[in-house]
Amino acid sequence: MKINALDELNFNNRFVRELPADLEIKNECRQVLKACYSSVLPTPVRQPKTVAVAKEVADLLDLDESIFESEDFAQVFAGNRLAKGMEAYATCYGGHQFGEWAGQLGDGRAINLGEVVNHKKQYWTLQLKGAGKTPYSRRSDGLAVLRSSVREFICSEAMHHLGVPTTRALSLVLTGEHVLRDMFYDGNPQHEQGAIVCRVAPSFTRFGHFQIFAARNDFDLLKQFVDFTIRTDFPELGEPSTAVYLDWFTEVCKRTAEMIVHWQRVGFVHGVMNTDNMSILGLTIDYGPYGWLENFDLNWTPNTTDAQMGRYRFGRQPRIAGWNLAQLANAIIPLIKQIKPLQVILDEHYTQNFQNLWSTMMADKLGFTEVQDEDDALFSDLIELLQAVETDMTIFFRQLTKVDMSQPNFDISPLENAYYSTEQVDEIYKKSRFEWLKRYQQRLQASQISEIDRCQRMNATNPIYVPRNYLLQLAIDAAEQGDFSEIHNLLAVFRSPYDERMDLQKYAAKRPDWAKERAGCSMLSCSS
Ligand code: AMP
Ligand code: MG
C-alpha cells in the first residue's frame, strides 16, 4: 500500500518521547545541559522547488511517486509545513574535531522531523539539512547551499548502490533564498542558492552523542542514551546490561571496520572524520568536502582545510576510525567501569578484523576466491605499483579484467587508459608492472581460477561508475544555471555502478585536465 499524502505517513517518534528535552524553548545558541534534544522549527523559506527525489528512498517510506511533483512535497521537505505526526527537533552532541575535543556541537543545521515506521515495521528518521538555525548553530546560519546539497544528495545515493553503508537522501529542494558563503575563505563571500536535502537513516546517532554526556560527567544521561540506542538501533543485542554494552561496542567496531573497508575499496575519502561525523550504525554520514580517488594516492585528501596535516587522507582513514572508536570507548568507560575489555574488543573487532576484511576485499578486487598467506606481498606491491605513476584506481581495476591472464604473453594494452601521464610510464615502471602481472598470473593459475570467474568477481567488486569530483561539479555548474538534467542523469548512472554500458562511457572517463586544479573538482573547503 503506497501513501499518496504526506499526512498519512506513520510516525512513532521514540527519540523525543523517550529522551529528555531541553526545557528552554527559545531558539538561541547556548549550551544545552541535561537534555538530548531541543524542539525547534525549521525556518520558513520563500519559494520551495523540488529538484530531485530518490525513488528508492521514497519506497523505504512507502511514498507513492505521484506526490513528488506536488506543491505539498516541496513545502514539507523545505521545512515550511510539518506533516501530521512530524515533530521537529535538533539533537545535542559533541566531538573531537581534527583530534581536539571541541565541546558541544550538535545539529547546527540539521532538523529532524521524526521517525517514520514503514509497512515492514522499519524505522526511518527524516532529517532536513540546511533548514535554519537551531540552539546548536553556534556562529553559523544553519543553511546549506545548492552545490553542497547536490554533492550530498548524489553521493549518498551512489554510495548505497555501490554497496557502502550510508545515510540516504530522499529529496533535494531549492529554497528560493540566497545564502552568503565565502567558499575559499578568502574574504570574497558570494550569494549562492539555498537548498535542503532530506536525509533518511534508521538513526543519525553519532559517536559524539555519547561523548558529550561523558565529557559533562552526566553519567545518568549517558546511560539513558546508551540504553535507548541499544533498544532502538540494536534490539537484536537484548536488554541493556554490562555484558550487552560490551556486545554493543563490539558491533560498532565491526560495522565501522566494514564501512572503512568499503571506502578503501571504492576510493572514497570522507575528508572530515571527526568523531561527530561517525555514525553509531557504521553508516557513512555528513557528506562535506569528501572526494573520490582519481589517481591512486594514499596521501590524498580533498579537504583544503586539512591539506597541511593530511589527518584524514585516504591511507589514514583506517587508523583514524580506530582512533575515533577509542574515543567512543573512553566515553562509555563509566558504564563498564573497566578499560581492559574495551581495549581487547577494539583490537580484535576493529584493528585485526579490519586487516582481515581488507585482505579479503583486496582478494575480491583481484578476483581470488580466498586470501592466501603469500597474498599480502602481492597486495602491498600492487599498492606501490599504483602509486609509482599516476594511475586511475577505478579504471585500472576494471581494465585489468580486459587483460587476458590465461595467455602466456598477455597483452597489457587495456591498462594504458588508466594512466594520467604517459611520460611517467617509463621502462622501470613497465618492468615492475610486468613482474607484478606475472606473479598475479601465477597465483591465478595455481588456484585454477578461470578468466570468467575472475572477471565476474572483479566486476562485482570494482565499480566502473563513481561520483568523480568533476562529474559532480559539471552537474552543479548546470544546476546553478537552472538546468537540473545532469543531476537526474547522475542519479540514474549511479544506480548500477558495476554494469558497463556503452552509452554511458563518458561517465567512466578519467579526470580531464581542466579539472585537475579547479575548485570543487580536486580541492574542497568546509564552506557549504
Ligand atoms: P561538519 O563539519 O559539517 O560536520 O559540522 C560541524 C558542526 O558545525 C556541526 O555541529 C554542524 O551542525 C555545524 N555546522 C556546520 N555548518 C553549519 C551551518 N551552516 N550553520 C550552523 N551550524 C553548522
Ligand atoms: Mg557533521
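Numbering of ligands and ligand atoms starts at 1, following listing order. Values below: every heavy atom of this structure, side chains too, minus hydrogens, waters and symmetry copies. Quick note: residue numbers are just sequence positions, from 1.
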Taking atom 19 (N) of ligand 1 as the reference point, the nearest protein heavy atom with its distance: D141 OD1, 3.2 Å

Within-shell test, G106 vs ligand 1, heavy atom, strictly < 4.0 Å: yes

Sub-4.5 Å side-chain heavy-atom contact between V269 and R313: no

Test salt bridge (charged side-chain N to carboxylate O under 4.0 Å, His left out) applied to R30 and E24, step by step: CA-CA 10 Å; R30 59 180 176 273; E24 172 62 65; 5.1 Å; no

Side chain to side chain, C29 and P135, heavy atoms closer than 4.5 Å: no

Distance from atom 12 (O) of ligand 1 to nearest protein heavy atom, with residue and atom: G108 N, 2.8 Å

Interfacing atoms of ligand 1 (cut-off 4.0 Å, heavy-atom, L143): 19 (N)

Name, closest N/O/S atom of D286 to the Mg ion (ligand 2): OD2

Sub-4.0 Å heavy-atom contact, R181 with ligand 1: yes

Nearest protein heavy atom under 4.0 Å from atom 5 (O) of ligand 1, yes or no: no

Output field: ring centroids Y245/F249 closer than 6.0 Å: no

Parallel, tilted or perpendicular, as decided by the 30° and 60° cut-offs, for the rings of F73 and F77: tilted

Polar atom proximity, G142 to ligand 1 (N or O, under 3.5 Å): yes

Minimum non-hydrogen distance to atom 13 (C) of ligand 1, winning option of R138, K133, Q97, Q104: R138

Aromatic ring pairing H191/H178, orientation class (parallel under 30°, perpendicular over 60°, tilted between): perpendicular

Near-ring test F494/Y465, centroid separation under 6.0 angstrom: no

E294 and its salt bridge (Lys or Arg N to Asp or Glu O under 4.0 Å) partner, picked from R511, R468, K510: R511

Check: D107 N/O within less than 3.5 Å of ligand 1 N/O: no

Worked verdict on N13 versus E115 for side-chain hydrogen bond (donor to acceptor under 3.5 Å, both in side chains): CA-CA 5 Å; N13 303 329; E115 300 165 60; over 6 Å; no

Atom 18 (C) of ligand 1: the protein heavy-atom neighbour that sits closest, reported with distance to 0.1 Å: S140 CB, 3.4 Å

Metal site the Mg ion (ligand 2): N/O/S of D276 inside 2.8 Å: no

Protein heavy-atom partner closest to atom 2 (O) of ligand 1 - residue, atom, separation in Å: N277 ND2, 4.2 Å

Short N/O/S contact of N277 with the Mg ion (ligand 2) (below 2.8 Å): yes

H270 and W263 aromatic ring geometry - parallel, tilted or perpendicular at 30°/60° bounds: parallel

For atom 16 (N) of ligand 1, the protein heavy atom that lies nearest, with its residue and separation: R109 NE, 3.2 Å

Proximal atoms of ligand 1 relative to D286 (non-hydrogen, under 4.0 Å): 4 (O)

